[in-house]
Colleague: 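The structure follows.
These numbers were taken from a predicted model, which means no experiment stands behind them. We name chains A, B, ... by the order of the sequence lines, and we start the count at 1 in each one.
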Protein chains: 4
Amino acid sequence: MARLPMAEEKPLRADARRNRAKILEAAEAVFAGQGLSASTEDVAKEAGVGVGTVFRHFPTKEALIQAVFLGRVRRLAEKAASLSESDAGAAFFAFFTYAVEQAATQSAYAEVLAEAAAVKGGDGEPSPVGAELAAALEALLARAQRGGAVRLDIGVAELIALLIGASRAAEHVEPEVRSRMLDIVFDGLRSPG
Amino acid sequence: MARLPMAEEKPLRADARRNRAKILEAAEAVFAGQGLSASTEDVAKEAGVGVGTVFRHFPTKEALIQAVFLGRVRRLAEKAASLSESDAGAAFFAFFTYAVEQAATQSAYAEVLAEAAAVKGGDGEPSPVGAELAAALEALLARAQRGGAVRLDIGVAELIALLIGASRAAEHVEPEVRSRMLDIVFDGLRSPG
Amino acid sequence: MARLPMAEEKPLRADARRNRAKILEAAEAVFAGQGLSASTEDVAKEAGVGVGTVFRHFPTKEALIQAVFLGRVRRLAEKAASLSESDAGAAFFAFFTYAVEQAATQSAYAEVLAEAAAVKGGDGEPSPVGAELAAALEALLARAQRGGAVRLDIGVAELIALLIGASRAAEHVEPEVRSRMLDIVFDGLRSPG
Amino acid sequence: MARLPMAEEKPLRADARRNRAKILEAAEAVFAGQGLSASTEDVAKEAGVGVGTVFRHFPTKEALIQAVFLGRVRRLAEKAASLSESDAGAAFFAFFTYAVEQAATQSAYAEVLAEAAAVKGGDGEPSPVGAELAAALEALLARAQRGGAVRLDIGVAELIALLIGASRAAEHVEPEVRSRMLDIVFDGLRSPG
DNA sequence: GATGAATGAGCCTTCATTCAT
DNA sequence: AATGAATGAAGGCTCATTCAT
């Protein structure tokens with residue numbers, strides 16, 4: 001899966017790149033803690049830089065949020081890809097579980113999947129961000145289906161919907177409940193349909 | 001049509017009660033349309049009253065939001081109760097579908113279930129609001145399980161988790177996908193476990 | 001000259017009207033003193049109200065500036081109208097002098113005429129604000145021309161241009177110089193052409 | 001082409017001098033296009049240098065603006081001097097027209113004259129910048145007066161005032177109006193007084 | 001010297017909440 | 001009780017200026 005260079009990513013100065021990373025990390029933490037309505041000032045403070053610096057790297061709060069999401073998508077996509085080698089069915093369910101657990105930890109994490117949904121589901125603008133993940137998911141799903149681990153009458157769109165839902169739910173629910181909830185969904189995914 | 005004063009409602013003057021209703025209705029519409037970040041001023045305008053009136057009835061924006069949620073919970077609980085007479089399994093799945101469809105239509109609707117989750121799941125404060133719904137769901141679920149339509153190894157907590165998830169997902173996904181997603185979840189709920 | 005109601009001017013509550021006036025007055029003073037880049041906060045402070053109040057009355061800084069200008073235009077137009085009774089030539093030159101003296105006192109005052117210029121000159125959007133003044137000037141000029149006090153080969157556009165110029169110049173120049181400058185312009189306006 | 005170091009210029013390295021020139025040119029263009037509120041960053045970009053470089057050459061935005069004005073004054077003064085050879089009256093009016101046309105083209109150009117006004121008019125600090133222009137104007141005016149083309153009862157101060165005014169007005173008015181406006185002013189300047 | 005990243009004060013604007021009418 | 005004007009604390013964003021590279 002080739003990584004498309006989204007724009008001409010200029011090589012930043014060492015310190016700038018370090019700051020960019022600090023900001024992204026801070027934003028991830030702050031948004032996870034306080035939700036997306038946390039102030040940019042707070043993100044800057046957490047990152048140990050001035051607001052101006054945040055805005056230099058991300059011209060808009062929206063852009064910052066997108067960048068945070070992009071990072072999450074990338075990590076999810078990498079996870080999905082990294083599982084390609086293992087047993088098809090195991091890989092599929094392991095990924096699903098992993099994704100949902102991420103969401104359980106970090107509030108607002110699930111929104112990333114909504115992003116991906118826009119690609120195959122069609123409600124918003126296509127967003128190249130989600131395309132990457134959607135593609136990875138498609139491969140994962142197809143392999144699992146070919147391996148007989150997942151019913152054949154569903155596509156990525158449904159998979160994404162279930163991921164979104166389970167992830168969102170995971171934000172509100174205790175670990176054991178989450179686990180039993182996943183069992184049910186997984187049974188649904190396995191059943192011949 | 002007589003109105004039964006439910007629970008802890010103080011008797012209000014007729015016009016005050018009418019205003020309260022108008023505000024709630026307006027808030028529901030405005031929040032559904034613009035999300036919870038819509039301004040109180042907008043709600044007031046939609047209701048045809050001054051902001052002051054909104055704040056007289058609901059001392060805080062938060063309180064207004066809670067009241068809107070309470071209304072939704074009540075309606076869901078009523079729906080659940082109203083289905084008690086029909087076939088146990090059919091009632092259960094009909095309710096699930098109904099709840100998810102509500103969420104699909106009205107943005108931010110799903111949050112109501114998170115509220116209910118706090119009761120049986122335990123992460124927030126207990127909230128008497130959700131208890132009502134939780135009770136109704138418990139009855140619905142138990143009947144469906146006794147009727148053999150739903151597997152026995154799950155409880156209200158899992159049911160609520162699934163409802164939250166499916167509702168959230170429904171906000172981001174097209175109707176056909178939503179429907180296929182529900183099929184999967186329902187299969188999972190039916191499977192012997 | 002009938003005053004066209006520009007929009008449905010709602011009757012404001014007494015206190016609101018008082019505040020609106022205070023704000024306008026403050027804005028006039030502050031802008032005159034610091035130029036148009038003075039902060040809205042400063043205007044509010046000068047008016048003795050909170051910023052929010054300024055923005056309630058004028059939804060935008062731009063709107064506030066326009067309102068200040070409108071006030072000035074109105075006063076100039078009234079002055080022009082009030083001179084209709086006196087000797088045509090005297091009225092004309094008295095008005096010209098008056099307008100220029102206003103500008104000399106209050107920095108940025110001259111911009112109001114640029115506004116009026118847009119009407120007959122054509123570079124910006126027509127602006128109903130300036131139309132009023134332009135009409136008044138047209139009358140004043142025509143009378144002076146009929147009375148033989150002003151050369152016949154000029155129109156309002158040229159008059160406005162000269163008013164703008166003289167007003168601007170007056171901002172930078174001592175009273176005696178200003179006065180001699182006006183003498184020259186007036187001679188130019190009288191000369192048979 | 002040898003460059004005569006004018007007045008108090010430190011000898012700069014060749015590249016530094018080139019940069020200084022580029023910045024000045026860029027500033028002139030940018031300020032003309034967007035007004036004086038254009039950002040220093042924009043000037044730097046237009047000049048093809050970093051902001052730091054701009055600030056090395058001009059310690060303050062204000063200083064940069066002054067330098068731009070100085071350049072304009074110099075050019076106007078040169079123009080005035082270059083016309084000394086031709087017919088006195090023609091030279092005078094040609095210069096006046098030239099100056100006003102510059103202002104019409106380049107927004108905020110007229111401010112330069114306000115600068116010059118400070119010298120003979122006296123409202124601001126004396127500024128050696130304008131003195132140069134004032135001297136050149138004085139010569140031009142005196143010659144024209146000796147030649148009988150301009151009335152005798154005016155001095156440089158009045159001339160500058162008229163130049164400022166006409167230049168400012170020119171910013172807001174169409175070319176034909178501008179031209180007729182100048183006719184009037186010129187008639188005023190010729191009339192015996 | 002040149003560069004451009006970092007800084008943070010300051011600006012405009014919004015909005016929950018209070019209070020005089 | 002209702003109204004809507006007033007308030008002021010944020011929030012997002014810009015930009016002159018400084019400073020490490």
Side-chain angles (χ1 to χ4, degrees), chain A residues 10 12-20 23 37-44 47-64, chain B residues 12-16 19-20 37-45 48-64, chain C residues 10 12-20 23 37-44 47-64, chain D residues 12-16 19-20 37-45 48-64:
Chain A
K10 272 176 287 187
L12 291 172
R13 262 163 43 176
D15 57 341
R17 204 165 47 232
R18 219 169 11 246
N19 268 342
R20 203 191 132 93
I23 291 167
S37 67
S39 79
T40 309
E41 193 83 39
D42 274 5
V43 172
V49 303
V51 228
T53 304
V54 176
F55 278 96
R56 163 173 281 271
H57 286 283
F58 307 96
T60 280
K61 191 189 179 182
E62 183 58 26
L64 174 59
Chain B
L12 294 169
R13 262 168 40 179
D15 59 340
N19 268 345
R20 204 192 131 91
S37 67
S39 78
T40 311
E41 192 83 39
D42 272 7
V43 171
K45 215 161 284 167
V49 303
V51 229
T53 305
V54 175
F55 277 91
R56 165 168 293 275
H57 284 284
F58 306 95
T60 277
K61 190 187 180 183
E62 185 56 27
L64 174 59
Chain C
K10 271 175 289 187
L12 292 170
R13 261 164 42 176
D15 58 341
R17 206 167 44 232
R18 217 165 18 242
N19 268 342
R20 204 192 132 93
I23 291 167
S37 66
S39 79
T40 309
E41 192 83 39
D42 275 4
V43 171
V49 304
V51 227
T53 304
V54 175
F55 277 93
R56 163 172 282 271
H57 285 283
F58 307 95
T60 280
K61 191 191 179 179
E62 183 58 26
L64 174 58
Chain D
L12 293 170
R13 264 170 37 180
D15 59 339
N19 268 344
R20 204 192 130 91
S37 68
S39 78
T40 310
E41 193 84 37
D42 272 7
V43 171
K45 215 162 282 166
V49 303
V51 228
T53 305
V54 175
F55 276 91
R56 165 168 293 277
H57 285 284
F58 307 95
T60 276
K61 191 189 180 183
E62 184 57 27
L64 173 59

Colleague: Need the pair for F:dT7. Rule: Watson-Crick or G-U wobble, both distances under 3.5 Å, any strand; none if unpaired.
Modeller: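 Pairing partner: E:dA16.
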Colleague: Checking D:Thr60 side chain against D:Ala63 main chain: does a donor-acceptor pair fall under 3.5 Å?
Modeller: no
Colleague: Nearest-Å distance, CZ (C:Phe55) to P (F:dA6)?
Modeller: 15 Å
Colleague: Tell me: CZ of C:Arg17 to C1' of E:dA20, nearest whole Å?
Modeller: 16 Å
Colleague: Looking at F:dT21, which nucleotide sits across from it as a Watson-Crick or G-U wobble partner, both distances under 3.5 angstrom, or is there none?
Modeller: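 E:dA2 - that is the nucleotide pairing with F:dT21, both distances being under 3.5 Å.
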Colleague: So what does C:Thr53 touch, heavy atoms closer than 4.0 Å: a base, only the sugar-phosphate, or nothing?
Modeller: base
Colleague: Would you name the heavy atoms of C:Phe55 and C:Lys61 that are closest together and state the gap between them?
Modeller: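 Scanning both residues, the minimum pair turns out to be CE2-N, 4.2 Å.
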Colleague: Here's a test of your reading of the structure: between A:Gly52 and A:Arg18, which maps to the more 5' nucleotide of DNA chain F?
Modeller: A:Gly52
Colleague: Is D:Thr40 close enough to F:dC15 that one of its side-chain N or O atoms is under 4.0 Å from OP1 or OP2 there?
Modeller: no
Colleague: In whole Å, I'd like the distance from the CD atom of C:Glu62 to the C1' atom of E:dC11.
Modeller: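 For the pair C:Glu62 CD and E:dC11 C1', the rounded distance is 15 Å.
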Colleague: Indicate whether OP1 or OP2 belonging to F:dA5 is found under 4.0 Å from a side-chain N or O atom of C:Asn19.
Modeller: no
Colleague: What is the distance, rounded to the nearest whole Å, between atom CZ of D:Phe58 and atom C1' of F:dT18?
Modeller: 18 Å
Colleague: I need the CG-P distance between C:Asp42 and E:dA9, as an integer number of Å.
Modeller: 17 Å
Colleague: Please give me the minimum heavy-atom distance between A:Val54 and A:Ile23, naming the atom from each residue.
Modeller: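 Nearest pair, atom of A:Val54 first, then A:Ile23: CA-CD1, 3.9 Å.
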Colleague: Nearest heavy atom decides the nucleotide; on that basis, is D:Ser37 or B:Gly48 closer to the 5' end of DNA chain F?
Modeller: B:Gly48
Colleague: Can you tell me how far P of E:dA5 sits from CZ of A:Arg20, to the nearest Å?
Modeller: 12 Å
Colleague: Send over the distance from D:Leu64 CG to F:dT17 C1', rounded to a whole Å.
Modeller: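 After rounding, the gap between these two atoms is 13 Å.
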Colleague: Rounded at 0.5 Å granularity, tell me how far CG in A:Asn19 sits from NE2 in A:His57.
Modeller: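 Taking CG in A:Asn19 and NE2 in A:His57, the distance rounds to 5.0 Å.
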Colleague: Is the distance from OP1 or OP2 of E:dA6 to the nearest side-chain N or O of A:His57 less than 4.0 Å?
Modeller: yes
Colleague: Looking for any heavy atom pair under 4.0 Å, which part of the strands does A:Val49 touch: base, sugar-phosphate only, or nothing?
Modeller: sugar-phosphate
Colleague: For D:Arg56 and for A:Val51, locate the closest nucleotide of DNA chain E by heavy-atom distance; then report the residue assigned to the nucleotide nearer the 5' terminus.
Modeller: D:Arg56
Colleague: Want to settle it: does C:Lys61 or D:Val54 sit nearer the 5' end of DNA chain E, counting the closest nucleotide to each?
Modeller: D:Val54
